Each structure stands twice: as structure tokens, then as C-alpha cells.
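Residue numbers start from 1 in every chain, and the chains themselves are labelled A, B, ... in the order their sequence lines are given, proteins ahead of strands. Atom set for the values below is all heavy atoms of this structure, side chains included, hydrogens, waters and symmetry mates excluded. What you are looking at is a predicted structure, and each value in this text was computed from that prediction instead of being measured.
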Amino acid sequence: MEIDPFVFRLSIFILSIFVGYYVVWSVTPSLHTPLMSVTNAISSVIIVGAIIAALAGNNEKIFNEASIFGFLAIILAAVNIFGGFLVTQRMLAMYKKKKKK
Amino acid sequence: MISINLLALFYLISGVLFILALRGLSSPETSRQGNFFGILGMLIAVIVTFLSIGNFSTSFIYVVVFLLIGGSIGAFIAFKIPMTAMPELVAGFHSLVGLAAVFVAISAFLNPEAFNLGTSGNIKLASLIEMSIGAAVGAITFSGSIIAFLKLRGIMSGAPITFPGQHFFNLFLLLLIIGLTYFLCSSQSSNFFWTLIAISFLVGILLIIPIGGADMPVVISMLNSYSGWAAAGIGFTLENTALIITGALVGSSGAILSYIMCKGMNRSFFNVILGGFGGTDQSSKSNKGEQKPVKSGNSDDAAFLMKNASSVIIVPGYGMAVAQAQHALREMVDTLKKNGIKVSYAIHPVAGRMPGHMNVLLAEANVPYDEVFELEEINNDFANCDVAYVIGANDVTNPVAKTDPQSPIYGMPILDVEKAKSVLFVKRSLSPGYAGVDNDLFYRENTLMLFADAKKMTEDIIKSF
């Protein structure tokens, strides 16, 4: 008998939760706001699903019922990706150490 | 066209890069590199998705156009947004992730062939369940974040909205969602799917309205967590490793932040979620007592006290953000330093409206991050400091949290401001803080109240120096 691929995905999922748990505890509290904006940006990797959905329309009818939701999701996710990473970049650029005199 | 195995490996690389992105945030020095890893991971995920479909026809151009439209909106917002508005921005972004998850779930439901999930009306059982979870959590994230956004922006009152039987009603709706998932799986009927999404939107709204304004740090962290679980649900549907890894990372990140915030208030997660805390009744009760005498002063008195101090600790709170006083504050600190006074900043975990809110504002005002300390790091220093300058904070300094078991904030870790030789309290009035508890510190012998707008008072102190 073969193992259902779902079990592998579940394993990845569970292990990632543990990785996330330990990685996030090591984040310094002063960077918690950038942490939120960057997690926001990376969760927008959901855009890959949106792209597949949008490109599933055939060439005669690019915007069909299903692909239109894909296109809408692309816009939303893109706002988040660019907005999330850029605002994180902007914030992180402000964190400076004391200048040594 | 690239093979499906190669594709999966690239998604794995993206996932690992996302882990490194979060790892980078362990210190400000490595954080910028971390953000770069995140961008790289995203780029890889998007490019290999294009390559895997290999459909570079007209629809591909549309995809790029839509991507650029969204991207420019996002970039515009990212550059324009003032740092004080970060909590709203993050709430707004969460809502977008949630809605995107709903949309992807809908299109997977309408066109399952594109995702290899079976055929319309005959979708694989596991996929249907995963899809429903993704859509439901996504919808809850969306509507919940919209409410959080409206509350943070001040469009909607921050006061908790409650009605009798609220919790039972929410529980009923959650059970209904589970029931609908069951019927959806057995009948494959789209009606159940649409109802499921509609009810989830409603649940999102109902979950957030009873939570008060100052509990927003918990709410934002919680919604952050939800957006992760929604992404993971969709990741399972699409059998996409990058999404599963990311979803798990974001989900646990948000959960940890919620935990840290709850601990900062010494309240259980359920206590916050069930909400209704900090209504005005409590404050009116505690104000019934006779008027206790307070000492109030002006900017000259404050400047005089600070001039004679050798060390000053600044305690910022949400009021500083509201008054946009961070730049004035830094100028005042510069003046103090020029006079040889040692200055540091003390940040309570729940100061502000989101985790790390104060740190970002101080960083924006060019305060070096090694002058800014967390509660545990600095709390012992109050005993040796001459002046504590409390600007826009209140409950987090209230000694009642240690002494009065009856108080709603009893047990909450506080900054030991009371131990400082003198305390300067910048506040607009004597009104109690969010928790509705009178602050003992206002009536102490060594406290000087400075009744004014935080920014104006700070500027006046600079002038009086």
C-alpha cells in the first residue's frame, strides 16, 4: 500500500508549525510590527492559486465565472505583496543603532 | 513547462526562504536581509507558477496587468502611510489575504479541473473539506479585519458592542458552518458553499464587535493567525507546499503574538475574545469617591525637575501615537542628553494598538533601538531613576495591578514607574484609562501631572529648558 500524499502534506504542515513556533519566539519584541507586516506579505503567496485560477480560462473566453475570481484575487494578493514587503522595508530602514562618537 | 516535481521543489525553496525571512527578524541588523529573502521567495513562487502553466497567451498578459495594478496600489500605500497608522494598515492587509483566500476557494470550486480536484459537481471529498475550511477561515479573517480596521481608524467606535446571547449565537453559527460543510460534501451543491461563505462573513463581524479598542493588539495578532490558517487551508486544496509552509508559519506567528499580548495584560485568550471589557460603568463606579488632591504643573516645572535629574526614563503609550508626539519627544531627549542626562525608553508589551507599535514610532523618530528597552529589561532601573516621563500611557503604570485583587487589571505586569524619585504624567485629564480603573499614581506625593496634549507639552518643555 502507498502512503496517501495528503499525509506528506500534513507532515510538512505540522513540522512547519513547529518551525514557526521556534522561529517566532526568537523574534525580538521591538520588531513585532515588522513581523506582522512581513507575515502578511508572505501569506499572500496565495497568489499562486489565483494565477492558476486566472489562467484556466480558455483563449476565446478569458474572463469566465471561475477565472474572474482568480483575477480579483490576483489584485488583492498583489496589493498585499508589494504593500507588505515595501512597508516592512520602510520600517526596518528606520531601526538604527546609536552612533558611536 | 517544468515538471511537477521540479515545481514542488521550487515551492519548497520558497517556503524555506520565508522561514529565513522570519528568522532574520531576530535582530534589527539581520532583518533587512530577512526581508530580502522573503521577496526572493515570493518571486520564485510566482515565476515557477507561470512556467508550470506555460500559457503565455492573452490571458497571461491580463494576469501581468492585474498584478501590476494591485502592485502599484500596494506600493503607493506602503510609501504614503504614516507610521502612526500601521495598526489600521496591517488590519486592512489581513482583510485582503482573507478575501483572496475566499476568491481562490470560489474559483477552485467553480473550476476544479484547473486544479486537478475532480470535475464540477464531483469534487474530491478531501479537497471539498479543505476548500470549505480555507473559504470559511478566509471569510472570517476578511470581515473581522474590516471591523478591526474601522475600529482602529476611529470610523467605528472602539466601545465593545454586546447583545444578550451573543456567545451562544456565535457558537450556533460555528456549528452551522460545520453542518454546512457536511451537507456540501454529501450533495456537492453550490448553494451550501455560498451559504457557508455568507455565514462565515457574519461570524467574522460578530467575533470582533464585542472586543474593545485597547484589546486591539490581541485582535490584530489573532487575525494575523487566522489569515495564516486560511492560506494553509487553500495550500492543502491546491497541494502547494509553499502555501502550506507559509500558512503554518503565519498561523503560529499570530498565535504566539496573541499569547504574548494576553500575557502582557494577564488575561486569558478567551477572556479577551469574549470581550465586553472596559465598559464605562466601571469607571463611573470608581470615580464616585471624593476628589483626591493632585499636584499639577506646567512645562517649566517639568523642565526644572529634569534639569536636576541624572537619569530619566520615558514611558510612551498609545497617547503618544495619537498626538504624533514621537518626534518632539526625541528632540526633548536630545536636549536632555546635551545636558548630560542619561535617558532610556521603557516599552510595555501592550503599549499602543499592535505588538511593537511604540518601537516603530520611536524608530521613525530616529531613536536608536539600543536605547529602547522591554519591560523585563528595564523594570529594575526605575528605582534608581530620578524622573519617569509618562507620555500617553496609563494602565500599564498603575500600581493597583499589584496591590488590589479586586481590580480588573490585577496581576497585569506593570512598569514600576512608582519607584522613580519623581513621576511626570503627561495626560489630557484625570480620566481613567481604558480598563476603567483609576490610577493611584496620579495622587502620589512625588507625581506631577502635566495636563496638556502630549506633543504640545513636550515641545514646551524643550522651550523651557
Side-chain angles (χ1 to χ4, degrees), chain A residues 9 12-13 16-17 19-21 23-24 26-33 35-40 42-46 48-51 53-57 59 62 65-66 69-89 91-92 94-98, chain B residues 18-19 22-23 25-26 28 31-32 35 38-39 45 49 53 55 57 59 63 66-67 70-71 73-75 77-78 86 90 93 96-97 99-101 103-104 106-107 110-111 114 224 227-228 231 234 238 242-246 248-250 252-253 256 355-356 359-360 363-364 368-370 374:
Chain A
R9 285 191 282 277
I12 295 174
F13 180 63
S16 303
I17 292 179
V19 171
Y21 180 84
V23 169
V24 171
S26 75
V27 171
T28 166
S30 65
L31 292 176
H32 275 163
T33 300
L35 170 69
M36 303 202 88
S37 61
V38 88
T39 50
N40 218 317
I42 65 173
S43 52
S44 305
V45 73
I46 203 159
V48 301
I51 292 173
L55 288 182
N59 275 331
I62 293 166
E65 234 187 345
F69 281 107
F71 279 111
L72 289 176
I74 288 179
I75 296 190
L76 298 178
V79 171
N80 244 340
I81 293 173
F82 283 75
F85 280 126
L86 288 172
V87 87
T88 310
Q89 195 73 28
M91 273 191 275
L92 293 177
M94 298 184 313
Y95 282 82
K96 290 184 201 85
K97 233 181 167 147
K98 211 181 317 190
Chain B
F18 291 151
I19 295 175
L22 299 194
R23 184 72 187 87
L25 291 171
S26 57
S31 60
R32 274 157 280 214
N35 201 38
I39 296 172
T49 308
I53 301 172
N55 171 5
S57 56
S59 36
V63 168
F66 277 66
L67 208 139
I73 299 172
I77 299 172
M86 275 320 287
V90 169
F93 278 171
L96 298 184
V97 180
L99 196 58
F103 284 170
V104 173
I106 292 178
S107 57
L110 294 176
N111 187 6
N224 185 238
S227 69
I234 301 295
L238 308 187
L243 253 175
I244 296 177
I245 297 179
T246 317
L249 288 179
V250 178
S252 54
S253 159
I256 291 175
N359 303 78
V360 170
E364 187 200 10
Y369 62 80
D370 39 8
E374 304 302 317

For the side chain of B:Asn35 and the backbone of A:Phe85, is there at least one donor-acceptor N/O pair under 3.5 Å apart?
yes
Partner chain B: residue of A:Val19, A:Ile42, A:Val23, A:Ile51 with the largest heavy-atom pair count (under 4.5 Å)
A:Ile42
A:Tyr21 atom OH, over 12 foreign heavy atoms within 6.0 Å
no
Would you please name every residue forming a ring pair (Phe, Tyr, Trp, His ring centres under 6.0 Å) with B:Phe103, sequence neighbours left out?
A:Phe69
One option among B:Asp370, B:Leu96, B:Ile244 has the most heavy-atom pairs under 4.5 Å with chain A, and it is B:Asp370
Minimum heavy-atom separation for A:Met36 and B:Asn224, please, with both atom names.
CE-CB, 3.6 Å
Quick one, B:Leu243 and A:Ile46 - any side-chain contact, counting heavy atoms below 4.5 Å?
yes
With a 4.5 angstrom heavy-atom cut-off, could you sort out which part of B:Ser107 is near chain A: side chain, backbone, both or neither?
both
With a 4.5 angstrom heavy-atom cut-off, could you sort out which part of B:Ile39 is near chain A: side chain, backbone, both or neither?
both
Go through the atoms of B:Ile106 and report whether side chain, backbone, both or neither lie under 4.5 Å from a heavy atom of chain A.
side chain
Between A:Leu86 and B:Ala78, which heavy-atom pair has the shortest distance, and what is it?
CB-CB, 3.6 Å
Residue A:Ile81 versus chain B: region with a heavy atom under 4.5 Å:
side chain
Heavy-atom pair of closest approach, residues B:Ala242 and A:Val45:
O-CG1, 4.3 Å
Taking the side chain as everything from C-beta on, heavy atoms only, tell me whether A:Leu72 gets closer than 4.5 Å to B:Phe66.
no
Kindly indicate, with the supporting measurements, whether the criterion side-chain contact (heavy atoms from CB on, under 4.5 Å) is fulfilled by A:Tyr95 and B:Val360.
CA-CA 8 Å; A:Tyr95 282 82; B:Val360 170; 3.3 Å; yes
What are the two closest non-hydrogen atoms of A:Ala78 and B:Gly71, and how far apart are they?
CB-N, 3.6 Å
What is the minimum heavy-atom distance between B:Arg32 and A:Leu92, and which atoms define it?
NH1-O, 3.4 Å
Sort out for me which of B:Thr246, B:Leu238, B:Leu249, B:Ile234 touches chain A most, counting heavy-atom pairs under 4.5 Å.
B:Thr246
Between A:Ser30, A:Gly49, A:Ala73, A:Gly20, which shows the greatest number of heavy-atom pairs under 4.5 Å with chain B?
A:Ser30
Go through B:Ser31, B:Ala45, B:Gly70 and name the one with the most non-hydrogen pairs under 4.5 angstrom from chain A.
B:Gly70
Under 4.5 Å to a heavy atom of chain A? For B:Leu22 that would be both
Do B:Phe93 and A:Val79 come within less than 4.5 Å of each other through their side chains, counting heavy atoms only?
yes
Non-hydrogen side-chain atoms of B:Tyr369 and A:Leu31 separated by less than 4.5 Å:
no
Taking side-chain contact (heavy atoms from CB on, under 4.5 Å) as the definition, give me every residue that meets it alongside A:Ser16, ordered by chain and number, with sequence neighbours left out.
A:Ile12, B:Ile245, B:Ala248
Counting only heavy atoms closer than 4.5 Å, note whether B:Glu374 contacts chain A via side chain, backbone, both or neither.
side chain
Note, B:Val90 side chain near A:Asn40 side chain (heavy atom, < 4.5 Å)
yes
Report the distance from atom CE of A:Met94 to atom CG of B:Asn359, rounding to the nearest 0.5 Å.
10.5 Å
Max heavy-atom pairs within cutoff under 4.5 Å with chain A, candidates B:Val97, B:Ile19, B:Ile73, goes to B:Val97
Where does A:Val38 contact chain B at under 4.5 Å (heavy atoms): side chain, backbone, both or neither?
side chain
Please find the pair of heavy atoms, one from B:Leu110 and one from A:Ala66, that lie closest to each other, and give the distance.
CB-CB, 3.9 Å
Interface check, chain A: of B:Ala101, B:Gly74, B:Gly38, most non-hydrogen pairs under 4.5 Å belong to B:Gly74
Closest-packed option against chain A by number of heavy-atom pairs under 4.5 Å, given B:Gly356, B:Ala114, B:Ser26:
B:Ser26
